[in-house]
Amino acid sequence: MKILDGKQVRQADAYTIAQEPISPLALMERAAHAFVHWYINQFVQTRPVAIFCGQGNNGGDGLAIARILSQRSYSIQVYLVAHTSNPSDDYRANLDRLQGHHRPILLSSEADIPELSDQVIIIDALLGSGLNRPADGLLAVTIDKINHCDNKKVAVDIASGLFMDRLNAPSDAIVKPDYTVSFQFPKLPFLLPHSAAYAGEWHVVDIGLAKDFIAHCDTPYELTDYESAERLKKPRAKYAHKGTFGHALIIAGSYGKVGAAVLAAKACLRAGVGLLTLHIPKCAYEIVQVSVPEAMASIDVKKKINTLLPELQGYTAVGIGPGLGQHTGTLQMLQQLLSLATCPLVIDADALNLLSENKELFGLIPRKSILTPHPKEFERLAGPGRSDLDRLHKGREFAQKHGVIICLKGAHTAVIDDCGRVYFNTTGNPGMATGGTGDVLTGVITALLAQGYSPVAAARLGVYAHGQAGDAAIKKTGMAGLTASDVAEHLRLD
Ligand SMILES: NC(=O)C1=CN([C@@H]2O[C@H](COP(=O)(O)OP(=O)(O)OC[C@H]3O[C@@H](n4cnc5c(N)ncnc54)[C@H](OP(=O)(O)O)[C@@H]3O)[C@@H](O)[C@H]2O)[C@@H](O)CC1
Ligand SMILES: [K+]
């Protein structure tokens, strides 16, 4: 699913109106019905509804939603905030249509803002994607009051006060909803850590904007959702043998961090690799042979760290990093690997830290290698970002400049390809913020690369499957109890 900017959404809107054709008012009605369809599946009729409306089209949606809910026997009360001398035509039309069903209350000062009982659900339709300055005056006061209620809150399209395409200042008044029901597309701030709190749990509803327009819309931002993940998957052929699914080499582990190598190996096998060799220091030999009997071991000359690059011939993908440590001998091995590798690599954890400390090695990284930093590791690589958006721009620049793919890990891990396109992941949960899940991810992506997936597909599908495994695992363990081993165990690539 694509993520469009405000201008593109307006263009999609105008194109649909002209080509379908459909009147703007009928399109607003369709959007309101799509919202209500979601709403009635979520909240029972016995919960009263307070709908706060502005005077743009977002407010028009709110009024249409109020009418449709009232026709469905929901008990509603509309509160209007007059913030412009020029209300939109479709706002006016829906205000007319509401007459006979319901009498809205106009809020003209702070004292008019109602105290709501706990049972009331708040629908926020004050401001939408047409926000062109921070909310102030009575709008800001109303937003503040809404935020101070414990009531459940649902934003129509986007939380009032949240900019779609630019950063808000920390002091801006923005509704903090429990849910956002977004029309046709998610908005970029839903995917960024600092603004995600202003989206709550977000849902996208189809309002029938023209599919051909959307298909041709050029945007750097997309989601990896269920449909796109399914499209990325390659079926496993009936007459396949273990050679069909590649031979992965994972270079991992050091004294005290052998577990990282084990986790990466288990995940690699669960993600369907044909053969796996683990290159490990001597101290890890017995641990690995016992805990991952399916993997072959390549043993380093050193007891506690990896220093000697094995012969690379025959491997279809190489992953390096989990539990590696940052010893000088290991750095030399990494340098050798970067120079000699003929296939793309997966570079994680300590291998990334070694690169950050030795930036002159960037030029050696094989093209289309996959780097999997968490935000701190990314800052060490590319410098600090002033904001999430700035970090994302830095990621796009870095990926293009060095011809690599970056998995910038977070709640919505961003896979950034070497053309600067960004694919936000939609699976996973906060339980996965625990030691070892990164090692599991390295194993999964290395397995997919080894099986012949393109690096971008391996990164997108790997990140998606990793999150999906975390989601499956918490059904048994709960969020707090989730371990990286649970994630590895619940991986399912078909
Ligand atoms: N294609 C779709 O997806 C569809 C979208 N639809 C809906 O339309 C919504 C977008 O509608 P919209 O453009 O009218 O914007 P919206 O935010 O309601 O109002 C903007 C008005 O408020 C004003 N204003 C701006 N900032 C302000 C501020 N801080 N404080 C005070 N005033 C401020 C500004 O006027 P100004 O005061 O600048 O003259 C402007 O007139 C979208 O979110 C969705 O809900 C559906 O109906 C159908 C299909
Ligand atoms: K809103």
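When a ligand or atom number is given, it counts from 1 through the structure's own listing order. Each residue takes its place number in the sequence, starting with 1.
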Angle between ring planes, Trp38 versus His203, binned at 30° and 60°: parallel, tilted or perpendicular? tilted
In terms of the angle between their ring planes, are Tyr39 and Tyr74 parallel, tilted or perpendicular, with boundaries placed at 30° and 60°? perpendicular
To which protein heavy atom is atom 11 (O) of ligand 1 closest, and what is the distance rounded to 0.1 Å? Asn57 CB, 3.1 Å
Has Thr219 got a side-chain atom pairing as donor or acceptor with Tyr221's backbone, closer than 3.5 angstrom? yes
Closest approach of any protein heavy atom to atom 19 (O) of ligand 1, naming residue and atom: Gly56 CA, 3.5 Å
Atom name in Asp124, limited to N/O/S, at shortest distance from the K ion (ligand 2): O
Identify the closest protein heavy atom to atom 17 (O) of ligand 1: which residue and atom is it, and at what distance? Gly128 N, 2.6 Å
Residue portion contacting ligand 1 (non-hydrogen atoms closer than 4.0 Å) for Asn132: both
Considering only protein heavy atoms, which is closest to atom 10 (C) of ligand 1, and at what distance to one decimal place? Ser129 OG, 3.3 Å
If we count only N and O atoms by modelled type, under 3.5 Å, do the side chains of Asp112 and Tyr79 hold a donor and an acceptor together? no
So is there a nitrogen or oxygen of His83 less than 3.5 Å from a nitrogen or oxygen in ligand 1? yes
Does one side chain, of Thr372 or Asp348, offer a donor that lies under 3.5 Å from an acceptor on the other? yes
Of all the heavy atoms in Pro134, does at least one lie under 4.0 Å from an atom in ligand 1? yes
Using the six-membered ring wherever Trp is involved, compare the ring planes of Trp202 and Phe190 and label them parallel, tilted or perpendicular (cut-offs 30° and 60°). tilted
3.4 Å cut-off met by an N, O or S atom of Ala155 to the K ion (ligand 2): no
Within-cut-off N or O pair, Ala31 and ligand 1, under 3.5 Å: no
So, 4.0 Å and heavy atoms of Asn86: is ligand 1 close enough to count as a contact? no
Find all atoms of ligand 1 within a distance of less than 4.0 Å from any non-hydrogen atom belonging to Leu131, and give their numbers and elements. 17 (O), 25 (C), 26 (N), 29 (N)
Atom 7 (C) of ligand 1: the protein heavy-atom neighbour that sits closest, reported with distance to 0.1 Å: Asp61 OD2, 3.0 Å
